[in-house]
Amino acid sequence: MASSTKSFLADAGYGEQELDANSALMELDKGLRSGKLGEQCEAVVRFPRLFQKYPFPILINSAFLKLADVFRVGNNFLRLCVLKVTQQSEKHLEKILNVDEFVKRVFSVIHSNDPVARAITLRMLGSMASIIPERKNAHHSIRQSLDSHDNVEVEAAIFAAANFSAQSKDFAVGICNKISEMIQGLATPVDLKLKLIPILQHMHHDASLASSSRQLLQQLVTSYPSTKMVIVTLHTFTLLAASSLVDIPKQIQLLLQYLKNDPRKAVKRLAIQDLKLLANKTPHTWSRENIQALCESALHTPYDSLKMGMLSVLSTLSGTIAIKQYFSSAPGTAATTARSFDLVKLAQECCYHTNRGIAAHGVRILTNISASCQDKDLLPLEQDAVFGLEALLVLCSQDDSPGAQATLKITLTCMVKLVKCRPHLSQSVVESLLTQLQSAQDNARILMCHCLAAIAMQLPVLADGILGDLMDLYKLIGQSATDKKQELLVSLATVIFVSSQKALSTEIKTVIKQQLENASNGWTAYRIARQASRMGNHDMARELYQSLLTQVASEHFYFWLNSLKEFSHAEQCLTGLQEDNYSSALSCIAEALKSYHKGIASLTAASTPLNPLSFQCGFVKLRIDLLQAFSQLICTCNSLKTSPPPAIATTIAMTSGNDLQRCGRISNQARMKHSMEEFRNLATRYGDLYQSSFDADSATLRNVELQQQSCLLISHAIEALILDPESASFQEYSSNGTAHVESEYERRMMSVFNHVLEEVESLNRKYAPVSYLASNTCLCNAVIALLKVPLSFQRYFFQKLQSTSIKLALSPSPRNPAEPIAVQNNQQLALKVEGVVQHGSKPGLFRKIQSVCLNVSSVLQSKSGQDYKIPIDNMTNEMEQRVEPHNDYFSTQFLLNFVILGTHNITVESSVIDSNGIVWKTGPKTTIFVKSLEDPYSQQVRLQQQQGQPPSQQQQQRTAYSRF
């Protein structure tokens, strides 16, 4: 994140932020009032940074009005600076509150005698089109300026016309004929026509307008056959079709026709570029004939550059629904084999092409066909794809050029995709990667290691036998200390961790540590330790974290590393668990909890206000509570063994109708029931952690989900075996066998889940009612089986790739946060909630915000005055609204009642809803205080009643609400 964003996030509250914003604005205003042109320009160009730092309407409105004043009275250079600021800050324009005043000040310059000033004003109006789409005076000025004799002014009018046409249907309908006349007029120069034609891409507001624009473009294509005119017209044609949607099939045919028949390479290139655009936007509109025509053109073209462009379009289509349409047999024709299709012939021909790019597209098409058409017999195609990928791998791994690296990335991506959908090909793909790894360049080795790790995470294809080769390579790399070697050390260590499914041998650990001591820096060692924690190799991770403790300069980093060391040690304690040995299991869990408590203390010390480590603390606290719950369950089962239920417990249970009596004394203490509720409570808390992790990657979320499922599994087992065997259902807990497993950790956890469920179900069916001894053994073994799977600390625990936060501002807002806002009890408070969504460097990497859900609630804190009988509806406020952010800004209002006199606490909490409709409790939560005061008239009546004076006739008829 930029430093400005960090300081913005560090602001304590809205009142303080507003004060800072005002002082910053006054500083810039001083520059605007300066008599020196340089200082004025410097002040103007600093406004975008101010908007980024304080993106609320009050400041933005004031700032833009000041800029409009500068635009009105300044010279052309200052106007140009204001124009640039407006264009840079386009997403803040809708926050201008006094739009009329802003436009009035800018528009006054349109009457200037200087054509350059008028041109800048037109561009300014065009940049503001999103907030003034229907201003008739702006429309009139643009139409008038299109007839100007000054080229600068005409070009500015064209820019403004294009922007207004995109925003306003009325303007588009009105200007369409004017543009048409100018384009067809003989007096209009050709270069001006080339600038006017793109305006027609915005004529898509209704069917008739789009149709007339298409007819005009069709005439232009035939009337003006020059290269430039054809290129501009065809591209405008495509953009219009993509916006209006109805004419896309016709446009695809037109572009294919030009691709096939027009001899000019520039036109062919443009046709390919537009076909690629339509393939990305609407692949479902491509018919089988369209793809066939493109294949024929690619087969017959002698130019490699054009062939590569066509293959690029086909490779895009091959990854979409269009490929299934292509391979589906037409009605009335016999089904043909996959190899007889032109697309397959083209891909096979290109797989071994001398041009790397063409070969990459060829293998990509074959891979996509193999992945998409799994219902067909595609064994020959699969082999072709594998051979093509291996050939490209050999070719690109020896070349260090950027082009070869880009091709290698495509090749390796295809390998991962092919292995994922065709697991039987994994062995040959992995062997070719390992063979090539020995002789490849360092850049290529890094990418190949990533590919190997990605494949091994999905399928256990890396056997222990290959560890020797990997370790030899690791020793060889460790002799150099360049940046690429450091990156390669991390990548290769990851592959070693993935391939060694069990604990690392002492020899491997020694080699890794030795190489790190010889040639690496601390950052490389930390990254390898992080990967070891992710893969569950906690003994290795603990040793590396221990070695790094003395190499950091900040105490926060020291505490962070110390906490990671303690967590790794705790998880290492759990690897020694054995089935049926419950006393050692209890001592292992106790040792692990001891380390976890040390670690959470260090983790808390490592947190800072800017980096509170909330996910990490929440995850570890849940892990501690889960271990304690497991320990308590084993203790409960052990105590049941030492004091078993009486022989007549089953008879007592049947006669009393209470199944808990079968457990004897234990059930009376309700320890089993308490244990089950504790596991359910933990599952709920894991669900809350999941919901609060909006920025987490999918692997981290899946990890949290698996922890939640393990809690539900144990609670279900307790219920099914001991508490309520008859009503326990296995359907809702049965795992979906078709779900794709993404990691070794998930694979092992799902295996344990299935095994425990089968055990519980078989006990329930065979030995109903289940004996206390069998149920206790089953429960304890289930706990030990879950703990024996090494916990995986996923990426989000260490690294935040996506960062999203919401900043709320409430108005009215008190100057001092502790002061309440005064409101009369017979009036309603209009609470305005504004918010800004702030992003890190990669917005929307994992998920995007669709809407923001605002929940407002009020609680009476202290009552003042007498108790009156008031309807329950008036005592509380509980409201919810959903708003969609526009340009990362949202605003809404709530009307709140405070009938009861006293101090009320208003809480505004925000949560976000992503594009899939999932609610995420991201926060923040903001609180203000309101003091409800008695209205003067009611106070007067009450005082008169207390003094014993009967109110007058007029006063008796009047109520507190009669004025409204």
Side-chain angles (χ1 to χ4, degrees), residues 1 5-6 9-10 534 560 563 567 596 599-600 603-604 606-626 629 678-712 791-808 833 835-840 842-857 880-883 885 888 890 907-927:
M1 266 196 176
T5 313
K6 283 182 180 172
L9 287 170
R534 284 178 68 188
W560 167 246
S563 67
F567 299 152
Y596 260 120
I600 192 71
L603 189 63
T604 309
S607 62
T608 62
L610 282 177
N611 189 18
L613 303 176
S614 50
F615 173 81
Q616 290 86 340
C617 289
F619 186 79
V620 171
K621 281 173 185 171
L622 278 169
R623 182 66 175 172
I624 291 170
D625 291 348
L626 182 60
E678 194 172 355
F679 279 107
R680 284 189 176 165
N681 180 40
L682 279 168
T684 307
R685 287 170 60 195
Y686 269 116
D688 292 341
L689 181 69
Y690 184 101
Q691 278 195 309
S692 65
S693 308
F694 178 77
D695 293 320
D697 55 288
S698 56
T700 303
L701 291 176
R702 181 62 184 140
N703 192 357
V704 174
E705 206 172 12
L706 287 169
Q707 304 306 313
Q708 183 187 27
Q709 285 173 359
S710 66
C711 297
L712 290 171
L791 180 68
S792 171
F793 290 95
Q794 289 292 340
R795 182 191 289 276
Y796 192 59
F797 196 86
F798 302 96
Q799 193 179 18
K800 204 181 205 181
L801 292 184
Q802 174 183 310
S803 177
T804 312
S805 61
I806 292 175
K807 186 84 174 174
L808 291 181
V833 182
V836 176
V837 181
Q838 297 170 319
H839 302 284
K842 297 177 181 175
L845 180 66
F846 301 122
R847 52 199 67 85
K848 295 179 181 177
I849 294 178
Q850 184 74 28
S851 58
V852 177
C853 182
L854 294 165
N855 187 283
V856 175
S857 59
E880 186 176 285
Q881 280 193 45
R882 291 188 178 187
V883 285
D888 293 335
F890 58 89
T907 304
V908 181
E909 187 173 8
S910 65
S911 51
V912 302
I913 298 152
D914 67 11
S915 46
N916 295 322
I918 301 169
V919 179
W920 301 84
K921 294 176 182 174
T922 55
K925 190 186 283 187
T926 308
T927 304

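These values consider heavy atoms only, across backbone and side chains, with no hydrogens, waters or symmetry-generated copies.
Taken to the nearest 0.5 Å, the CG atom of Asp888 stands 15.5 Å off from the NZ atom of Lys807. Taking CD of Glu909 as the reference point, atom CD of Glu880 lies at 10.0 Å (rounded to 0.5 Å). Arg680 CZ to Leu712 CG: the interatomic distance, rounded to the nearest 0.5 Å, is 8.0 Å. In this structure, CZ in Arg702 is found 9.0 Å from OH in Tyr690, a value given to the nearest 0.5 Å. The line from CG of Leu613 to OG1 of Thr604 is 9.0 Å long, rounded to the nearest 0.5 Å. With rounding to the nearest 0.5 angstrom, the CG atom of Asp914 is 9.0 Å from the OG atom of Ser851.
When all heavy atoms are compared, the tightest approach of Leu808 to Gly835 is CD2-CA, 4.2 Å. Scanning all heavy atoms of the two residues, the minimum distance from Thr922 to Ser911 falls at OG1-CA, 4.1 Å. A pairwise comparison of heavy atoms in Cys711 and Leu626 identifies SG-CD1, 3.5 Å as the closest pair. Nearest heavy-atom pair across Ser910 and Leu854 is CB-CD2, 3.7 Å.
Residues Leu791 and Phe567 have side chains not in contact (no heavy-atom distance under 4.5 Å, counting atoms from C-beta outward). Looking at Leu701 and Glu705, their side chains never come closer than 4.5 Å, going by heavy atoms from C-beta outward. The side-chain heavy atoms of Ile600 and Ser563, taken from C-beta on, include no pair separated by under 4.5 Å. At least one side-chain heavy atom of Gln707 sits under 4.5 Å from a side-chain heavy atom of Arg623.
Evaluated for a side-chain contact (heavy atoms from CB on, under 4.5 Å) with Val852, the options Val883, Ile913, Val833 yield exactly one hit, Val883.
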Legend entry - Step-by-step side-chain contact (heavy atoms from CB on, under 4.5 Å) determination, Ile849 to Phe694: CA-CA 9 Å; Ile849 294 178; Phe694 178 77; 3.7 Å; yes
Inset, instruction - Could you give me the CA-CA distance, side-chain angles and deciding distance for Tyr796 and Val704, then say whether side-chain contact (heavy atoms from CB on, under 4.5 Å) is met? - result: CA-CA 11 Å; Tyr796 192 59; Val704 174; over 6 Å; no
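Using bins of under 30°, 30° to 60° and over 60° for the plane-to-plane angle, the ring pair Phe793/Phe619 lands in the perpendicular bin. Using the six-membered ring where Trp is involved, Trp560 and Phe798 have ring planes that are perpendicular, over 60° apart on the 30 and 60° scheme.
Of the possible polar contacts, none joining the Asn916 side chain to the Ile918 backbone as a donor-acceptor pair under 3.5 Å is found. Side chain of Arg847 to backbone of Ala696: a donor-acceptor contact under 3.5 angstrom is found. The main-chain N or O of His839 is never found under 3.5 Å from a side-chain atom of Ser803 such that the two would form a donor-acceptor pair. The backbone N or O of Tyr686 sits nowhere less than 3.5 Å from a side-chain atom of Gln708 that would complete a donor-acceptor pair. Remark: the backbone N or O of Phe846 is paired with a side-chain donor or acceptor of Gln802 at under 3.5 angstrom. Within the 3.5 Å criterion, the main-chain N or O of Ser792 finds a donor-acceptor partner in the side chain of Asn703. A donor-acceptor pair is defined here as one N or O able to donate and one able to accept, closer than 3.5 Å; such a pair exists between the side chain of Gln616 and the backbone of Phe797.
Counting only N and O atoms by type, the side chains of Asp697 and Thr700 include a donor and acceptor under 3.5 Å apart. In summary, the side chains of Thr804 and Asp695 do present a donor paired with an acceptor at a separation below 3.5 Å, with no hydrogens or angles considered.
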